[in-house]
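First listed ligand is number 1; within each ligand, the first listed atom is number 1. Quick note: numbers below take in every heavy atom, side chains included, and nothing from hydrogens, waters or symmetry partners.
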Amino acid sequence: MALIKLEGVSKLYGFGDATTVALDEVNLVIEKGEFIAVMGPSGSGKSTLMHVIGLIDRPSNGRYMFEGRSVARLKPDQSAKLRRDSIGFIFQSFNLLNRLTILENVALPLAYKGMSLSKRYKQASAVLERVGIQSREYFYPYQLSGGQAQCASIARALVNNPKLIIADEPTGNLDSSGSRLVMELLTEIHKTANTTIIFVTHNPELTRYASRVVYMHDGAIIHDEKTAFGSVAPRARQVLYTLPVKTVEDDLAGVSALMKAIPSKPSRHRTKKKRKVVSRKAAK
Ligand SMILES: Nc1ncnc2c1ncn2[C@@H]1O[C@H](COP(=O)(O)OP(=O)(O)OP(=O)(O)O)[C@@H](O)[C@H]1O
Ligand SMILES: [Mg+2]
């Protein structure tokens with residue numbers, strides 16, 4: 001059974017003329033143990049897709065199955081529990097709390113589990129050892145290098161033994177040695193625990209770590225390819241610069257997503273996709 005199955009998933013923001021189709025009828029199946037890179041220009045919907053898969057946001061339309069279970073109708077507290085127990089997040093800006101030590105930050109997700117404080121710290125400390133920064137457990141986030149801070153946030157994502165790790169541009173704020181540290185750590189986690197990992201990147205070089213690359217444009221998946229570990233995915237270097245020409249069918253698909261999501265009175269105004277200038281975002 002697939003870990004994740006999205007069928008016709010759309011996500012719309014705003015109303016009327018200001019509507020943005022952030023995800024446009026996305027179909028995606030992710031098996032357990034995959035290591036997936038998601039690429040695409042700025043504004044193409046990568047973070048929105050991560051938020052939907054990670055149960056941070058709900059789709060406006062379509063079906064989402066997590067381990068064969070439909071999550072669309074889960075109540076907010078049920079979906080928060082599933083997220084807490086099964087999914088670990090890593091963000092570009094680390095999202096560590098500056099007033100807490102690294103150990104306290106990493107132990108935070110265990111607070112809901114009814115464990116004693118000493119047990120939580122013991123578990124957090126063991127994960128910090130696994131990511132190689134146990135010696136920094138009493139440091140505060142601002143006392144760490146970027147690479148170390150990201151390792152701490154990986155430790156926090158791991159502390160609940162998630163089935164899925166979602167990393168949205170985990171190396172976006174790191175230099176090349178920090179990026180390598182983080183990607184090698186994710187690779188090690190993937191190998192040893194067979195954790196499913198999805199990461200977003202603008203850096204074609206990082207597709208070397210992935211077993212599959214999904215390319216997005218204008219809220220849709222435009223290409224999806226398996227890749228050999230260790231080599232850069234064939235399309236990765238071109239993805240930011242050669243964009244497909246949009247067809248009338250594409251426009252209609254966006255409008256049809258909108259109509260399904262808003263079953264009440266259709267707007268008299270034509271809904272447009274918000275256009276974004278595709279910047280030649282430098283590979284970090
Ligand atoms: N909360 C929101 N409210 C309104 N529009 C949003 C919201 N979040 C995202 N969008 C819009 O949805 C589209 C997709 O955004 P998203 O953040 O998913 O892009 P991205 O591919 O992650 O871009 P980047 O590479 O810059 O991070 C954009 O046009 C964006 O402006
Ligand atoms: Mg993003």
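- Heavy atoms of Met216 found under 4.0 angstrom from ligand 1: none, in either backbone or side chain.
- Remark: side-chain polar atoms of Asn173 are not paired, donor with acceptor, to backbone N or O of Gly146 under 3.5 angstrom.
- Less than 4.0 angstrom separates some heavy atom of Ser47 from each of these atoms of ligand 1: 17 (O), 18 (O), 20 (P), 22 (O), 27 (O).
- Applying the 4.0 Å criterion to heavy atoms of Ser44 picks out, from ligand 1, the atoms 19 (O), 21 (O).
- A donor-acceptor pair under 3.5 Å links the side-chain atoms of Gln150 to the main chain of Phe91, judged by distance alone.
- Between the side chain of Thr201 and the main chain of Asn203, a donor-acceptor pair closer than 3.5 Å is present.
- For Lys46, a nitrogen or oxygen atom sits less than 3.5 Å from a nitrogen or oxygen atom of ligand 1, counting backbone and side chain alike.
- Asp224 has a carboxylate O that lies under 4.0 Å from a charged side-chain N of Arg212, or vice versa, which qualifies the two as a salt bridge.
- Under a 4.0 Å heavy-atom criterion, His51 is not in contact with ligand 1.
- In terms of polar-atom proximity, defined here as any N/O pair under 3.5 Å, Gly40 makes no such contact with ligand 1.
- For Thr48, heavy-atom contacts with ligand 1 shorter than 4.0 Å involve the backbone as well as the side chain.
- Interface of His202 with ligand 1, defined as ligand atoms under 4.0 Å from a residue heavy atom, comprises 25 (O).
- Between Lys5 and Glu67, none of the side-chain N atoms (NZ, or NE/NH1/NH2) sits under 4.0 Å from a carboxylate O, so this pair counts as no salt bridge.
- Under the 3.5 Å distance criterion, the side-chain polar atoms of Ser86 are left unmatched by any main-chain donor or acceptor of Lys163.
- A donor-acceptor pair is defined here as one N or O able to donate and one able to accept, closer than 3.5 Å; no such pair exists between the side chain of Thr171 and the backbone of Leu174.
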> Checking salt bridge (Lys or Arg N to Asp or Glu O under 4.0 Å) for the pair Lys191/Glu184: CA distance, chi angles, key distance, verdict?
Replying inline: CA-CA 10 Å; Lys191 264 200 210 140; Glu184 281 172 6; over 6 Å; no
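- Note on ring orientation: taking the six-membered ring where Trp is involved, the planes of Phe229 and Tyr209 are perpendicular (angle over 60°, cut-offs 30° and 60°).
- For ligand 1 and Glu169, the ligand atoms under 4.0 Å from any heavy atom of the residue are 25 (O), 27 (O).
- Of all atoms in ligand 1, numbered sequentially from 1 with element shown, those under 4.0 Å from a heavy atom of Thr20 are 11 (C), 12 (O), 29 (O).
- Put simply, part of Pro41 is less than 4.0 Å from ligand 1, judged by heavy atoms.
- Taking 2.8 Å as the criterion, Ser47 counts as a coordinating residue of the Mg ion (ligand 2), since one of its N, O or S atoms falls below it.
- At least one heavy atom of Gly43 lies less than 4.0 angstrom from ligand 1.
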